[in-house]
Amino acid sequence: MMMNLMIIWILLLSGLSSCSGTASDVLCLQSLKQSLGDPNGALYSWEFSNDTEGYICQFAGVECWRPSESRVLTLNLGNMGLEGSFPQGVQNCSSMVALDLSSNSLSGPLPGDIAGQLPFITSLNLSHNSFSGEIPSGVGNMTYLSKLSLEHNRFTGRLPETMGDRLARLTLLNVADNSLSGPIPGSLQRFAAENFAGNDGLCGAPLGKCKRRFHVRIRARPVRIHLRLRRVNDASSIGGAVGFVVGFVVAFYFPRCFVFCGSLRPYVFPVCA
Ligand SMILES: *[C@@H]1O[C@H](CO)[C@@H](O)[C@H](O)[C@H]1NC(C)=O
Ligand SMILES: *[C@@H]1O[C@H](CO)[C@@H](O)[C@H](O)[C@H]1NC(C)=O
């Protein structure tokens, strides 16, 4: 964490001028307040009438790099009853390192370019919401990420391979209680089973073996047997019917061939004699 923060400090000092940073951070919070439903009035302190530098640092849930500078370090908006979709406005809080939106009523998919929106994020907590869709593979580009909590949402599909390949700093990962499926990428298998629990389709270490092939075979076999039996039945009944008709016709036209008792021969008359 210290190392991450130091690297980010250096990046920020070299890359961003503080002026443009703070103006856009105010825009970021304005956009968030606008886009999020707030039935409990949890963001009532977010009043944008005061334009003193650093005033946004006193808003509920906002922590700044320095109290006298309107530059957001972390947003802690957990358990506020917030509604709506993932707030795209966060991309203008361009120096933010931690975002907590946990235990709200947020829904819908995560943006595909989430890494571009939160380039310096080290901690992302979206747990206990109703986010859905696939976890975007772009998550793998959030290279400073050390804590990722996505548990108790409605995510579907596979865990992206990029998460396993590129998130080398990850020390906490929780995707429990979603609807994820498929194998757990190799380098994520170092996390304990409870972080993956509650997903019916996830498999591979640290959970049970992937049983995909076995399932397919079990399912296919009865179907195949069923078809074969049906074919056999069809063939034999058609064969039987054809045999009957042929036998009947032959006996009709050549009755003498079928009457083996000599004394009966005089009583046998060919139909078309
Ligand atoms: C604006 O914010 C500053 C810093 O938080 C505070 O000292 C000042 O009283 C505020 N001004 C108004 C008009 O609310
Ligand atoms: C970010 O800020 C720019 C102005 O700097 C603005 O035009 C844009 O709409 C903002 N983006 C979002 C998603 O709010």
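Note that this is a predicted model, so its numbers are computed, not measured. As a basis for the values below, the full set of heavy atoms in this structure was taken, side chains included, without hydrogen atoms, waters or symmetry mates.
- Separating the CZ atom in Arg169 from the CG atom in Leu148 is a distance of 15.0 Å, to the nearest 0.5 Å.
- A donor-acceptor pair is defined here as one N or O able to donate and one able to accept, closer than 3.5 Å; such a pair exists between the side chain of Trp46 and the backbone of Ala60.
- A side-chain donor-acceptor contact under 3.5 Å links Asn50 to the backbone of Thr52.
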Applying side chain to side chain contact (heavy atoms under 4.5 Å, CB included), run through Asn153 and Leu106 and close with a yes or a no. CA-CA 9 Å; Asn153 278 286; Leu106 302 173; over 6 Å; no
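- Distance check: Asn92 CG to Asp25 CG gives 8.0 Å after rounding to the nearest 0.5 Å.
- In this structure, the separation between CD1 on Ile135 and CG on Leu110 is 7.5 Å, given to the nearest 0.5 Å.
- Of the possible donor and acceptor atoms, none in the side chain of Ser31 sits under 3.5 Å from a partner among the backbone N and O of Leu27.
- The two residues Arg190 and Ser187 have their closest heavy-atom pair at NH1-O, 2.5 Å.
- Within the model, atoms CD of Glu63 and CG of Leu75 stand 10.0 Å from one another, a figure rounded to the nearest 0.5 Å.
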Please test Asn195 against Leu188 for side chain to side chain contact (heavy atoms under 4.5 Å, CB included), starting from the C-alpha separation and ending with a verdict. CA-CA 10 Å; Asn195 298 302; Leu188 298 180; over 6 Å; no
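- In this pair, His152 and His128 present their aromatic rings parallel. The plane angle is below 30°, not in the 30 to 60° band.
- Counting heavy atoms from C-beta outward, Pro39 and Glu83 have side chains that approach closer than 4.5 Å.
- The side-chain heavy atoms of Val26 and Asp51, taken from C-beta on, include no pair separated by under 4.5 Å.
- Side-chain atoms of Lys147 and Asn125, non-hydrogen and from C-beta on, never get closer than 4.5 Å to each other.
- Rounding to the nearest 0.5 Å gives a distance of 11.5 Å between OG of Ser85 and CG of Asn129.
- With hydrogens and angles disregarded, no donor-acceptor distance shorter than 3.5 Å links the side chain of Ser137 to the backbone of Pro160.
- Taking the side chain as every heavy atom from C-beta outward, Gln88 and Pro111 approach each other to under 4.5 Å.
- Contact between Leu101 and Pro87 at its shortest, heavy atoms only, is CD1-CD, 3.9 Å.
- The two residues Pro136 and Gly112 make their nearest non-hydrogen contact at CB-CA, 4.0 Å.
- For the residue pair Ser149 and Leu172, the shortest heavy atom distance occurs at OG-CD2, 3.5 Å.
- The side-chain heavy atoms of Pro183 and Arg158, taken from C-beta on, include a pair separated by under 4.5 Å.
- Only one option out of Asn178, Leu180, Asp177, Leu173 pairs with Phe196 in a side-chain contact (heavy atoms from CB on, under 4.5 Å); it is Leu173.
- The aromatic rings of Phe59 and Phe48 sit perpendicular to each other, their planes meeting at more than 60°, with 30° as the lower class boundary.
- For Met142 against Leu124, the heavy-atom pair with the smallest separation is CE-CD2, 4.0 Å.
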One pair to check against side chain to side chain contact (heavy atoms under 4.5 Å, CB included): Val62 and Val72. What are the steps and the verdict? CA-CA 7 Å; Val62 177; Val72 175; 4.1 Å; yes
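- Summarising the geometry of Glu53 relative to Ser70, their closest heavy-atom pair is OE2-N, 2.9 Å, with the distance given to 0.1 Å.
- Although no hydrogens or angles enter the test, the distance criterion places a donor-acceptor pair under 3.5 Å between the side chain of Asn104 and the main chain of Gly81.
- For the pair Leu118/Tyr144, no side-chain contact is recorded, criterion being any heavy-atom separation below 4.5 Å from C-beta on.
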For Leu29 and Leu43: C-alpha separation, side-chain torsions, deciding distance, then whether side chain to side chain contact (heavy atoms under 4.5 Å, CB included) applies. CA-CA 10 Å; Leu29 300 190; Leu43 303 180; over 6 Å; no
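- In terms of modelled atom types and a separation under 3.5 Å, the side chain of Thr171 and the main chain of Ser146 share a donor-acceptor contact.
- Atoms CD and CD1, from Glu161 and Ile184 in turn, are 11.5 Å apart once rounded to the nearest 0.5 Å.
- For the pairing with Ile121, the side-chain contact (heavy atoms from CB on, under 4.5 Å) check across Thr143, Val90, Thr74, Leu99 returns one residue only, Leu99.
- In this structure a side-chain-to-backbone donor-acceptor pair under 3.5 Å is present from Trp65 to Ser95.
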